[in-house]
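Just so it is clear, the values below take in all heavy atoms, side chains as well, and ignore hydrogens, waters and symmetry mates. Just so you know, ligand 1 is whichever comes first in the structure, and atom 1 is the first atom listed for that ligand. Numbering starts at 1 and runs along the sequence shown.
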Amino acid sequence: QAKQAGRNGMRFFDQKMQDKISIRARLEEALRHAIVEQRFELYYQPQVDQQGRAVGAEALIRWQQADGSFMSPARFIPLAEETSLILPIGQWVMETACAQLRQWQDLPHMAQLVMAVNVSAAQIHQRDFFEQVHELICCHGIDPARLKLELTEGLLLENIEEIIGTMEQLRKIGVCFSLDDFGTGYSSLQYLRRLPLSQLKIDRSFVDELAANSNDQAIVTTIIAMSRSLGLDVIAEGVENLEQRRLLEQLGCHRYQGFLYSQPVPARQLQRWVAARHPPLGII
Ligand code: C2E
Ligand code: MG
Ligand code: MG
Ligand code: MG
């Protein structure tokens, strides 16, 4: 009888695995279609300084579903990364962000913004990544200093020398780098010192309960100290309320991104948002 139950258990497990695999396969298939049919859009979330002025915007991909809703990139980017579909997707993101940046450079109130673009490991590992980005910069006629690439710590664990080489090539033409979700991976000061970064981005998970959690305060304080000693600027993501904003400022972080300011929105909406604060309102 125990044997019987075991078999049933096994069958149940198999069924669950099967379901998971077929859900994944269907998602992958849908993602391939989405690439061909260009079902993606970029939304933009402002990054602001101490005076509440927009200094940049992060491009965040959205996948439009048949019913008009959007699937979160948190769901499909990991799959795209496992299947190499991130390469065509990443190319589309970079191209679209550069075209948008070009348009902003022609709008007086948008011309100062830096465009932050998320880049996955597989993208920067491509041999011709530098050439790809360089060509986009040239063909769109954008100021490379207005382009910031967001990398995550985890991505930097493999072939670090190669990545540093690519980063340095880009750095030389003016492109800058931010280390995204900082604090969630493993980075020593020694290691960070070798990367041509210009910014650390404090992960949202430390900002969430900043007021109530003294551990998080200690971590944020350490990240800010690290950024100072490395000569980098520091930005906090996931800033949702004024209390977090005030604490971050007290701790020495002067760049903020989060729902307190704006959700990620379509380009036109961001342009209106920036225009409404230009000249700055001076509160937050
Ligand atoms: P990320 O780069 O860390 O982006 C920040 C995420 O936090 C975004 O989620 C943003 O909408 C969300 N967020 C911003 N402010 C707040 C806030 O105040 N509270 C909360 N709770 N969340 C906030 P999103 O757009 O769903 O993107 C999720 C992740 O997907 C990104 O995390 C990034 O890792 C990845 N991703 C998005 N677009 C791209 C892309 O174009 N290329 C690549 N490679 N990855 C992307
Ligand atoms: Mg990011
Ligand atoms: Mg982030
Ligand atoms: Mg994050």
Side-chain angles (χ1 to χ4, degrees), residues 31 34-35 38-48 54 56-64 69-101 114-126 129 132-133 136 147-156 176-185 197 199-211 223 234-245 248 253 255-267 269-270 273 284:
L31 196 52
I35 293 166
Q38 307 232 332
R39 303 286 297 171
F40 301 109
E41 248 178 79
L42 284 186
Y43 274 34
Y44 302 90
Q45 187 177 37
Q47 303 180 328
V48 308
E58 178 175 8
L60 293 157
I61 195 170
R62 297 291 178 261
W63 174 8
Q64 186 152 32
S69 68
F70 288 105
M71 186 190 291
S72 164
R75 237 192 107 192
F76 68 87
I77 290 291
L79 179 72
E81 287 174 337
E82 288 165 36
T83 53
S84 296
L85 291 176
I86 194 64
L87 297 181
I89 294 173
Q91 180 76 36
W92 178 87
V93 167
M94 196 70 81
E95 156 85 43
T96 307
C98 287
Q100 188 60 65
L101 187 55
V114 170
M115 174 76 82
V117 181
N118 293 287
V119 172
S120 293
Q123 289 178 264
I124 199 164
H125 277 124
Q126 297 169 96
F129 184 71
Q132 283 179 30
V133 177
L136 285 174
L147 186 61
K148 179 180 282 176
L149 305 185
E150 293 197 1
L151 310 178
T152 55
E153 284 173 279
L155 153 172
L156 298 165
C176 48
F177 293 92
S178 180
L179 203 49
D180 203 354
D181 302 338
F182 188 73
T184 60
L197 296 168
Q199 184 180 70
L200 299 181
K201 195 173 204 183
I202 302 171
D203 190 64
R204 185 168 91 214
S205 59
F206 305 116
V207 176
D208 254 359
E209 297 165 28
L210 192 59
I223 294 174
V234 63
I235 183 169
E237 66 175 13
V239 182
E240 293 182 351
N241 57 58
L242 274 171
E243 193 178 22
Q244 294 167 336
R245 156 73 182 73
L248 285 162
C253 174
R255 294 276 185 277
Y256 320 97
Q257 180 180 345
F259 297 165
L260 172 62
Y261 299 97
S262 169
Q263 304 250 343
V265 292
Q269 208 171 319
L270 179 78
W273 188 91
I284 47 172

| task | Give the atom name of whichever N/O/S atom in Glu58 sits closest to the Mg ion (ligand 2). | result | OE2
| task | Report yes or no: does Ser120 contribute a side-chain atom to a donor-acceptor pair with the main-chain N or O of Ala122 at less than 3.5 Å? | result | no
| Has ligand 1 got any nitrogen or oxygen that is less than 3.5 angstrom from a nitrogen or oxygen of Leu42? | no
| field | Shortest heavy-atom approach to atom 10 (C) of ligand 1 - which of Asp180, Leu60, Val117 | value | Leu60
| request: Provide the number and element of each atom of ligand 1 under 4.0 Å from a heavy atom of Gln45. | output: 14 (C), 15 (N)
| request: Classify the contact between Glu58 and ligand 1 as side chain, backbone, both or neither, using a heavy-atom distance cut-off of under 4.0 Å. | output: side chain
| request: Indicate the atoms forming the closest heavy-atom contact of Met115 with Ala97, along with that distance. | output: CE-O, 3.4 Å
| said: I want to check something: taking the side chain as every heavy atom from C-beta on, are Phe182 and Leu197 in contact at a cut-off of under 4.5 Å? | reply: no
| request: Would you mind listing which atoms of ligand 1 come within a distance below 4.0 Å of any non-hydrogen atom of Glu240? | output: 17 (C), 18 (O), 19 (N), 20 (C), 21 (N)
| note | Under 4.0 Å from one or more heavy atoms of Val239, ligand 1 contributes atoms 18 (O)
| said: Tell me the contacting part of Arg204 for ligand 1: side chain, backbone, both, or neither, using a 4.0 Å heavy-atom threshold, strictly below. | reply: side chain
| said: Any non-hydrogen side-chain atom of Thr96 less than 4.5 Å from a side-chain atom of Phe40? | reply: no
| task | Heavy atoms only: give me the nearest Trp273-Tyr261 pair and the separation to one decimal. | result | NE1-O, 3.2 Å
| Quick one: does Glu81 get an N or O within less than 3.5 Å of an N or O on ligand 1? | no
| said: Looking at ligand 1, is there an atom of it that comes within less than 4.0 Å of some heavy atom belonging to Lys201? | reply: no
| task | Specify the closest pair of heavy atoms between Gln244 and Val207, including all atoms of both residues, with the distance to one decimal. | result | NE2-O, 3.1 Å
| task | Pull out every atom of ligand 1 sitting under 4.0 Å from any heavy atom of Glu237, numbered as shown with elements. | result | 3 (O), 5 (C)
| query | For ligand 1, which atoms have a heavy atom of Ser72 less than 4.0 angstrom away? | reply | 26 (O)
| said: Counting backbone and side-chain atoms alike, is an N, O or S atom of Thr152 positioned under 2.8 Å from the Mg ion (ligand 2)? | reply: no
| field | Closest approach to the Mg ion (ligand 2) by Glu150, given as the N, O or S atom name | value | OE1
| field | Least distance between heavy atoms, Arg62 atom then Phe70 atom | value | CB-CD2, 3.4 Å
| request: Determine, stepwise, if the pair Arg255 / Gln47 fulfils side-chain contact (heavy atoms from CB on, under 4.5 Å). | output: CA-CA 7 Å; Arg255 294 276 185 277; Gln47 303 180 328; over 6 Å; no
| Just which atoms of ligand 1 are under 4.0 Å from any heavy atom in Gly258? | 15 (N), 18 (O)
| query | So, do Gln269 and Ser262 sit near enough that their side-chain heavy atoms are less than 4.5 Å apart? | reply | no
| query | What is the name of the N/O/S atom in Glu237 that sits closest to the Mg ion (ligand 3)? | reply | OE1
| Can you list the atoms of ligand 1 that are under 4.0 Å from a heavy atom of Pro73? | 24 (P), 25 (O), 26 (O), 27 (O), 28 (C), 30 (O), 37 (C)
| Nearest atoms (heavy-atom pairs only) where Lys201 meets Ser178 | CB-OG, 3.9 Å
| For the student: nearest non-hydrogen atoms of Gly183 and Glu153, plus distance | N-OE1, 3.2 Å
| Can Val93 and Asn118 be said to form a side-chain contact (heavy atoms from CB on, under 4.5 Å), step by step? | CA-CA 9 Å; Val93 167; Asn118 293 287; over 6 Å; no
| said: Looking only at N, O or S atoms, which one in Asp180 sits nearest to the Mg ion (ligand 3)? | reply: OD1
| said: Tell me the contacting part of Asp181 for ligand 1: side chain, backbone, both, or neither, using a 4.0 Å heavy-atom threshold, strictly below. | reply: side chain
| field | Closest approach to the Mg ion (ligand 3) by Asp181, given as the N, O or S atom name | value | OD1
| Tyr43 and Pro266, any side-chain heavy atoms less than 4.5 Å apart | yes
| message | Under 3.5 Å between any N/O of Pro264 and any N/O of ligand 1: does that happen in this structure? | response | no
